Number of protein chains: 2
Amino acid sequence: MSRTKARAALLQELEEAMRRSSAQGVLYGQTVANVAGIANSDLECMDILYLEGRVTAGRLAEVTGLTTGAITGVVDRLEKAGLVRRERDDADRRKVFIAVVPEAIERLGQFYVPMQQAMERVFGGYSDQELRLLLHFANEGYKGVLAATAALKGLLDTPPEKRPDLKLKKLRRQP
Amino acid sequence: MSRTKARAALLQELEEAMRRSSAQGVLYGQTVANVAGIANSDLECMDILYLEGRVTAGRLAEVTGLTTGAITGVVDRLEKAGLVRRERDDADRRKVFIAVVPEAIERLGQFYVPMQQAMERVFGGYSDQELRLLLHFANEGYKGVLAATAALKGLLDTPPEKRPDLKLKKLRRQP
DNA sequence: ATATATATCTTAGTCACTAAGATATTTAGC
DNA sequence: GCTAAATATCTTAGTGACTAAGATATATAT
């Protein structure tokens, strides 16, 4: 087998392995939502809040791709569950910041213990240098996926007659 | 900074980077569903079918965590869209295999082009040896997440009084 | 043969979502 | 300052995917 062919095969194998593990990751998130008794989108918003900190309702809509109306419902449920608090911005009183209630981290964190333990076990098999390579890859991968998402969203802004269409259901443009 | 402290910090950074890129990966999938005009679960089932090949309706329910009734709806929609075909098993006529229509791969594949290009760019920055490390990690990570998912599901089978409960909504046991 | 188990489908009801518009507040133009 | 346009969130009505429970059809076991 030629040198380039070997690499091409490696790349393909890598792509499938990434796809498989990523799909399983999605499933883990769904299982968390199911076990925690919380809707999938609600959990996704909690995740965004955990990563980005205190954000506005509009920002949640932007990141999740949901309408602002849907976010109102999400925040209503999360607030009722005591996981977040609405905090009106005094500087701009139209804005509503959503802040995670401190205990919420613990209450949800327990569901990620199996995942953390699994990852500790996996990471344990690598040297510091190898972990740095994985970290570099994770960061580069994040940037790549971010760019790919933006590129894909761009398709929605291209004229429909020039866009490939599956005719599965009516297309929706991002607000 | 001590040697072990450096590793602990590295591990934490790695965990967050993985979490972030994984969250963005979820978002890419949602964007695909949105752009393709297909429900999220329907796309997830297409992904499973792509990875596992021809599987039964029951297997789809098992993997996705949806009820068999919901899968009936998923397959109805996918079949109407011309993406899959129902094929009754002659050996056991209760079973219905779901098979992907060959063209469906192309029809959906186009939405993954931005992602593939992004990944090619990222992978391009690594040597064959480094890619083999990434492949190894992806495979180990998959096994880890699989185990973590199973462990988490196990929580549903523990008696409710011994289980941490968020009291967010009524819990549902997997069928 | 009968009972039990398995695999999918059907039905009724629930809940999260979108689209459109209402409300409240800020910013820009005159 | 006053009015118009822009922005941020919420409200309402309607839609569609989901669950739970049970129906149907086929297979397996006693």
Side-chain angles (χ1 to χ4, degrees), chain A residues 27 29-31 33-46 54-81 84-99 156 168-175, chain B residues 30-31 33-46 54-81 84-99 156 168-175:
Chain A
L27 220 63
Q30 289 179 357
T31 307
N34 186 19
V35 174
I38 186 177
N40 229 305
S41 301
D42 297 11
L43 185 62
E44 190 186 349
C45 285
M46 286 302 296
R54 189 164 159 278
V55 300
T56 65
R59 171 75 183 153
L60 283 182
E62 190 184 322
V63 176
T64 58
L66 297 179
T67 61
T68 59
I71 293 298
T72 299
V74 168
V75 177
D76 282 352
R77 289 189 296 274
L78 291 178
E79 196 170 39
K80 200 156 89 179
V84 306
R85 254 200 322 266
R86 276 183 168 91
E87 296 176 355
R88 281 219 108 84
D89 186 2
D90 283 329
D92 182 345
R93 298 190 47 73
R94 292 168 304 178
K95 288 185 186 170
V96 171
F97 279 99
I98 317 300
L156 276 180
L168 297 186
K169 67 177 188 184
K170 217 188 304 180
L171 291 181
R172 224 175 331 102
R173 198 169 302 256
Q174 292 287 70
Chain B
Q30 289 179 359
T31 307
N34 187 18
V35 174
I38 185 178
N40 229 304
S41 300
D42 296 10
L43 185 62
E44 189 187 350
C45 284
M46 286 303 294
R54 188 165 160 277
V55 300
T56 65
R59 171 74 183 155
L60 283 182
E62 191 183 322
V63 175
T64 58
L66 297 178
T67 60
T68 58
I71 292 298
T72 299
V74 168
V75 176
D76 283 350
R77 289 189 296 273
L78 291 178
E79 196 170 39
K80 199 156 89 180
V84 305
R85 253 198 324 266
R86 277 183 166 89
E87 297 176 354
R88 282 218 107 85
D89 186 3
D90 283 328
D92 182 345
R93 299 190 49 74
R94 293 169 304 177
K95 288 187 186 168
V96 171
F97 278 98
I98 316 301
L156 276 180
L168 298 187
K169 68 176 187 184
K170 217 188 303 180
L171 293 180
R172 224 172 334 99
R173 197 169 300 259
Q174 292 287 72

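A note on names: the letters A, B, ... follow the listed sequences, proteins ahead of strands, and every chain is numbered from 1. Keep in mind that this is a model prediction, so the values were computed, not measured.
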Pick from B:Thr56, B:Val75, B:Ile71, B:Val74: which one makes a side-chain contact (heavy atoms from CB on, under 4.5 Å) with B:Ile98? B:Val75

For DNA chain C, what residues of residues 84-93 of chain B have any heavy atom nearer than 4.0 Å? B:Arg86

D:dA17 OP1/OP2 closer than 4.0 Å to side-chain N/O of B:Ser41: no

Is it true that atom CZ of B:Arg54 has more than 12 heavy atoms of other residues, nucleotides or ligands lying nearer than 6.0 Å? yes

Given atom CZ of A:Arg77 and atom P of C:dT14, what is their separation to the nearest angstrom? 17 Å

Test side chain to side chain contact (heavy atoms under 4.5 Å, CB included) on B:Leu78 and B:Arg86 and set out the steps. CA-CA 10 Å; B:Leu78 291 178; B:Arg86 277 183 166 89; over 6 Å; no

OP1 or OP2 of D:dT19 less than 4.0 angstrom from a side-chain nitrogen or oxygen of B:Thr67, does that happen here? yes

Name the residue closer to the 5' end of DNA chain C, choosing between B:Ala57 and A:Gly73 according to the nucleotide with the nearest heavy atom. B:Ala57

Nearest whole Å is fine: how far is C:dC15 C1' from A:Ile38 CD1? 15 Å

A:Leu66 versus A:Ala70, closest heavy-atom pair with distance: CB-CB, 4.0 Å

Taking all non-hydrogen atoms of both residues, which atom of A:Cys45 and which atom of A:Thr64 are closest, and how far apart? SG-CG2, 3.9 Å

With a 3.5 Å cut-off and just heavy-atom distances, do the side chain of B:Arg94 and the base of C:dT8 make a donor-acceptor pair? no

Exam field: side chain B:Arg88 to backbone B:Arg93, donor-acceptor pair closer than 3.5 Å: yes

Starting at atom CG of A:Asp76, determine the distance to atom P of C:dC15, rounded to an integer number of angstrom. 15 Å

When the distance from CZ of A:Arg59 to P of D:dT7 is rounded to whole Å, what number comes out? 17 Å

Closest listed nucleotide, where the reference is the side chain of A:Ala39 and the choices are C:dA16, C:dC9, C:dC17: C:dA16

D:dT28 P sits how many Å from B:Lys95 NZ, rounded? 9 Å

Shortest non-hydrogen separation from A:Leu27 to B:Glu44 and the atoms involved: CD1-OE2, 3.3 Å

When rounded to whole Å, the CD1 to P distance for the pair A:Ile98 and D:dT9 reads 8 Å

Roughly, in whole Å, what's the span from CG in B:Leu78 to C1' in D:dA17? 13 Å

What about B:Thr68, does its side chain sit under 3.5 Å from the base of C:dC9 through a donor-acceptor pair? yes

How long is the line joining CD of A:Glu62 and C1' of D:dT7, in whole Å? 13 Å

